[in-house]
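What you see is a predicted model; the values in this text were computed from it and never measured. Letters A, B, ... are given to chains in the order of the sequence lines, protein chains preceding strands, and every chain is numbered from 1.
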Amino acid sequence: MPELPEVEVVRAGLAPALAGSRIEAVTVLDPRSLTRHDGSAADFEHRLTGRRVDAVVRRGKFLWMPLGDADGRAESEAIVGHLGMSGQMLLRSSGTPELRHERIRFDIRHPTHADVAVVFVDQRTFGSLALDRLIPTPDAAAGGWGSEAPLVPTQVAHIARDPLDPAFEETVFRARLARTRSAIKRVLLDQTVVSGIGNIYADESLWAARIHPERSADDLSSRVVRRLLDEVRAVLHRALAEGGTSFDAQYVNVNGQAGYFAHSLNAYGRTGEACPRCGTPIVRVSFTNRSSHYCPRCQRRG
DNA sequence: CACGACGCCTGGTCGC
DNA sequence: TGCGACCAGGCGTCGT
């Protein structure tokens, strides 16, 4: 459940159930879902059992859960996870039978809520979880959305802040674009430049800002970059308000429910349909082994 | 160094 | 209906 809005829907769903809870048991059904973890499945299970979960935090498409120990000491470790193309984090009542494509299960006890199971389900196994160390953020700002702590897992340290993060530096972003000759769409997808944007929201943002996806990044004036960033944020906010984009049962919140933003897409997946602005058929081209959708009239190469 | 291609997986859909 | 080709919201690694 990939891009920022979908991952944020998951974070927001997990947070109230997990913050302040305790991990009673961990069951790894498929070790391929631990490719990020530096250790065996048994090691993962053993080191997490009995730990306290303090929060659920997100930067871009990465999620992490800072852990305390039973004595209440400050956190220095976290469960870090990425959903890949098809990962889901589902909240189920305790004892729920094994789900299709279930990879990892956490049995959770909370001081005031009923026991629950947090189930990591992942059809394609591109997603994975790990136990990771937390390190300070270079700018001393909060590591991500969901906690004030100025910490990030080592695996997230190279990931740029996302456009909805209050500590996102627009001037740094502009400077980075100005010295890159790559296509603007490729740069939007580069998580070390700006995080959280994937194929859908890249296409939607470029459509909204009327920028051709293959325009060179260094070719955009600062006014145009400003417009692009405004549209990126607007698209992400709208998608968030509608619960994210779901084309099928793959992209769902912690309760398995789909979002509604697919109905609001203007370019992505609308090949041959009329551009909502000018009526010209939307074009699909293959680009970096993926698809780009754009309006050939509104989005000129320049 | 900056950049782009490729591999990692499962399953749905489409055309023959 | 069967079967292969192609497609899908991503990331990390390894070439050039």
Side-chain angles (χ1 to χ4, degrees), chain A residues 1-10 29-38 58-63 80-89 99-103 120-130 132 153-160 162 175-206 213-214 216-218 232 235-236 238-240 242-253 258-265 267-271 284-293:
Chain A
M1 147 91 58
E3 305 183 46
L4 186 155
E6 294 77 34
V7 180
E8 175 57 24
V9 164
V10 171
L29 288 89
D30 191 334
R32 289 178 303 175
S33 294
L34 286 180
T35 48
R36 295 174 181 280
H37 182 66
D38 184 23
R58 180 193 55 75
R59 175 188 291 199
K61 306 172 198 172
F62 278 84
L63 285 173
V80 58
H82 196 290
L83 301 173
M85 292 282 271
S86 57
Q88 305 173 336
M89 291 287 244
L99 304 178
R100 184 163 163 79
H101 302 306
E102 174 168 344
R103 310 297 182 192
F120 180 62
V121 167
D122 190 8
Q123 175 196 108
R124 294 171 69 183
T125 68
F126 287 177
S128 74
L129 307 183
D132 195 9
T154 67
Q155 296 188 23
V156 184
H158 70 292
I159 299 296
D162 62 61
R176 183 76 186 266
L177 259 55
R179 58 185 166 82
T180 309
R181 302 171 76 89
S182 294
I184 183 60
K185 177 164 177 189
R186 178 183 281 279
V187 181
L188 286 180
L189 294 175
D190 183 342
Q191 306 296 302
T192 69
V193 175
V194 56
S195 68
I197 303 168
N199 210 34
I200 292 179
Y201 299 113
D203 280 1
E204 289 302 302
S205 304
L206 290 166
E214 292 175 58
S216 180
D218 66 359
V232 165
V235 166
L236 295 177
R238 268 185 271 131
L240 209 41
E242 296 187 43
T245 302
S246 308
F247 300 127
D248 53 36
Q250 205 74 252
Y251 302 96
V252 295
N253 69 12
Y260 291 96
F261 195 68
H263 304 288
S264 306
L265 296 174
Y268 185 88
R270 301 192 68 247
T271 312
R284 171 182 175 275
V285 296
S286 189
F287 175 68
T288 322
N289 289 332
R290 346 177 59 171
S291 301
S292 280
H293 312 76

side-chain N/O A:Gln191 vs C:dC11 OP1/OP2, d < 4.0 Å: yes

Mutual orientation of the aromatic rings belonging to A:Tyr201 and A:Phe261 [parallel < 30°, tilted 30-60°, perpendicular > 60°]: tilted

C:dC11 to B:dG12 separation - P atoms, rounded to the nearest Å: 24 Å

Distance test, side-chain N/O of A:Arg100 to OP1/OP2 of B:dG11, below 4.0 Å: yes

Pair assignment for B:dT13, Watson-Crick or G-U wobble, requiring both distances under 3.5 Å: C:dA5

Spacing of the P atoms in B:dC9 and C:dC3 (rounded, Å): 25 Å

Touch class at under 4.0 angstrom, heavy-atom based, for A:Thr180 against every strand present: sugar-phosphate

Short side-chain N/O contact to C:dA8 OP1/OP2 from A:Arg284, under 4.0 Å: yes

Sugar-phosphate, base or nothing in reach of A:Thr245, heavy atoms under 4.0 Å: base

Nearest to side-chain heavy atoms of A:Met85, which nucleotide of C:dA8, B:dC9, B:dC3: C:dA8

Residue A:Gln123, side-chain heavy atoms: nucleotide from C:dC11, B:dG11, B:dA2 that is nearest: B:dG11

Sequence neighbours excluded, every pair satisfying salt bridge (Lys or Arg N to Asp or Glu O under 4.0 Å) that has a member inside residues 180-204 of chain A: A:Lys185-A:Asp203

Closest listed nucleotide, where the reference is the side chain of A:Asn289 and the choices are B:dC6, C:dC11, B:dC9: B:dC6

Pair A:Leu83-A:Met89, side-chain contact (heavy atoms from CB on, under 4.5 Å): steps then yes or no: CA-CA 8 Å; A:Leu83 301 173; A:Met89 291 287 244; 4.0 Å; yes

Sugar-phosphate, base or nothing in reach of A:Tyr201, heavy atoms under 4.0 Å: nothing

Candidate pair A:His293 and A:Arg270, rule side-chain contact (heavy atoms from CB on, under 4.5 Å), full reasoning: CA-CA 7 Å; A:His293 312 76; A:Arg270 301 192 68 247; over 6 Å; no

A:Phe126 aromatic ring stacked with six-membered ring of B:dC8, 5.5 Å and 30°: yes

Side-chain donor/acceptor of A:Arg124 to base of C:dA8, under 3.5 Å: yes

Nearest non-hydrogen partners of A:Ser182 and A:Val187, listed with the distance: CB-CG2, 3.9 Å

A:Arg186 vs B:dA5: side-chain N/O to OP1/OP2 distance below 4.0 Å: yes

Residue mapping more 5' on DNA chain B - nearest nucleotide basis, A:Thr288 or A:His101: A:Thr288

